[in-house]
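Atoms within a ligand are numbered from 1 in the order they appear, just like the ligands themselves.
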Amino acid sequence: MSASRHLLGIEGLGRSELEALLSRAQQYREGHVGGRHLVGRVVANVFYEPSTRTRASFEVAAAGLGAHVLNWSVSGSSASKGETLVDTAKNIAALGVSIIVVRHQSSGAAALVASSVSCAVVNAGDGQHEHPSQALLDAFTLWRRWGSLEGRRVAVVGDVLHSRVARSNLHALKALGANLIFCGPPTMLPVGLAELGVEVTTSLDAALAGADAVMMLRIQREREAEALFPSAWEYHRRWGLTSERAASLKADAVVLHPGPVNRGLELAPDVADGQRSLILEQVENGVAVRKAILEAVS
Ligand code: CP
């Protein structure tokens with residue numbers, strides 16, 4: 001097994017590289033690619049944090065490419081006896097694994113794994129750093145709908161501070177030509193965000209005005225985000241996408257959310273399930289995007 005490429009983040013990828021991945025994902029999505037590029041290979045999902053969408057999506061994508069999938073989690077493994085991340089990764093790689101898909105609560109964990117093993121590594125979310133496959137599927141969902149993201153206005157709303165999805169989307173959507181406006185409580189907007197070439201506001205109504213897409217971010221309760229605003233009621237009233245606010249959007253504006261949704265907190269249930277919502281389309285598109293990613297790093 002030779003040293004391989006990795007996907008550790010979106011930062012640093014150029015527009016042409018992103019568009020190549022989106023084009024390949026489109027071929028998978030439309031069923032134009034029959035290739036089972038990973039027959040005889042093993043893909044290991046190594047998840048230190050809970051996941052529904054990302055882990056299952058990588059599993060379905062890898063199986064669709066013909067790979068055997070090894071699903072590893074902390075519970076029941078020797079990590080619960082104190083084995084380190086690097087030792088765990090090296091031992092999994094020694095089983096003959098071709099690609100390790102890793103999620104970890106620490107920023108930089110995927111890069112650490114990549115520097116420790118000779119197989120390919122895909123970052124499935126590292127702390128507050130990046131979640132590249134999520135950003136790619138978000139971009140793909142908008143790209144399929146619009147044809148191009150050039151000049152489109154995308155509002156990214158909520159717990160930006162803790163969000164690896166927001167960080168990866170900043171790089172991906174900007175590289176693809178979208179105009180971004182980030183919005184949230186002042187306590188959830190990282191210092192220096194505006195210097196990254198995006199608009200920043202604490203006013204949700206200002207963020208929504210003229211938006212072609214609204215990406216609502218999850219309040220990350222496991223990272224104690226609720227300490228950063230007075231109450232759930234207050235948050236929903238000021239920064240939640242309510243039915244009334246959704247009704248004020250442009251007629252063809254769409255709503256995205258990476259999941260899992262805190263219903264009634266960042267997103268009203270009828271908006272999550274409504275006509276504008278692309279949430280399940282995002283999940284559906286994720287399989288094709290992850291096939292393109294696995295193929296690219298293999
Ligand atoms: N969007 C996302 O990462 O969801 P999961 O935590 O369920 O994988």
Side-chain angles (χ1 to χ4, degrees), residues 7-11 21 25 43-64 69-75 99-110 113 121-142 154 156-173 184 213-226 241 254-263 265-267 271-273 277-294:
L7 179 65
L8 303 179
I10 300 293
E11 187 174 13
L21 280 168
V43 174
N45 283 327
V46 176
F47 277 58
Y48 283 79
E49 285 188 324
S51 169
T52 293
R53 281 146 288 271
T54 311
R55 177 154 64 178
S57 183
F58 270 113
E59 181 169 358
V60 171
V69 182
L70 171 67
N71 279 316
W72 178 99
S73 58
V74 173
S75 170
I99 304 171
I100 293 179
V101 179
V102 62
R103 169 172 290 191
H104 197 277
Q105 60 275 13
S106 299
S107 301
V113 171
V121 175
V122 175
N123 181 5
D126 62 329
Q128 296 167 214
H129 176 225
E130 283 230 31
H131 192 344
S133 65
Q134 180 68 45
L136 284 165
L137 76 87
D138 293 339
F140 181 65
T141 300
L142 295 174
V154 180
V156 182
V157 179
D159 185 2
V160 182
L161 181 68
H162 294 110
S163 180
R164 54 199 180 203
V165 174
R167 232 165 295 281
S168 288
N169 264 304
L170 186 152
H171 298 300
L173 302 183
V214 184
M215 185 177 293
M216 299 304 297
L217 301 173
R218 180 173 68 89
I219 294 295
Q220 304 209 8
R221 292 178 149 135
E222 73 277 24
R223 303 190 212 286
E224 300 183 1
E226 281 166 308
L241 190 57
V254 293
V255 173
L256 297 93
H257 190 298
V261 175
N262 292 307
R263 288 175 174 259
L265 184 53
E266 67 262 8
L267 195 53
V271 180
D273 302 328
S277 173
L278 300 184
I279 293 172
L280 292 178
E281 200 174 312
Q282 289 173 265
V283 176
E284 197 173 350
N285 288 335
V287 175
V289 166
R290 289 178 173 118
K291 280 183 179 174
I293 292 169
L294 292 172

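Not a single donor-acceptor pair under 3.5 Å links the side chain of Asn262 to the backbone N or O of Arg218. Asp138 places no side-chain N or O within donor-acceptor distance of the main-chain N or O of Leu142, the cut-off being under 3.5 Å. A donor-acceptor pair under 3.5 Å is absent between the side-chain atoms of Asn123 and the main chain of Gly9, judged by distance alone.
Here the shortest heavy-atom distance to atom 3 (O) of ligand 1, taken over Arg53, Arg103, Glu49, belongs to Arg103.
Nearest protein heavy-atom contact of atom 2 (C) of ligand 1 is Thr54 OG1, 3.5 Å. Scanning the protein heavy atoms around atom 1 (N) of ligand 1, the nearest turns out to be Pro258 O, 2.8 Å.
Atoms of ligand 1 lying under 4.0 Å from any heavy atom of Thr52, numbered from 1 in the order shown and given with element: 5 (P), 7 (O), 8 (O).
Between Arg167 and His131, the side chains place no donor N or O within less than 3.5 Å of an acceptor N or O (distance only, hydrogens not considered).
Residue Gly259 places a heavy atom under 4.0 Å from ligand 1.
By the criterion of a heavy-atom distance under 4.0 Å, the side chain of Gln134, and not its backbone, is placed next to ligand 1.
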* Stepwise, does the side-chain hydrogen bond (donor to acceptor under 3.5 Å, both in side chains) test hold for Gln282 with His257? -> CA-CA 8 Å; Gln282 289 173 265; His257 190 298; over 6 Å; no
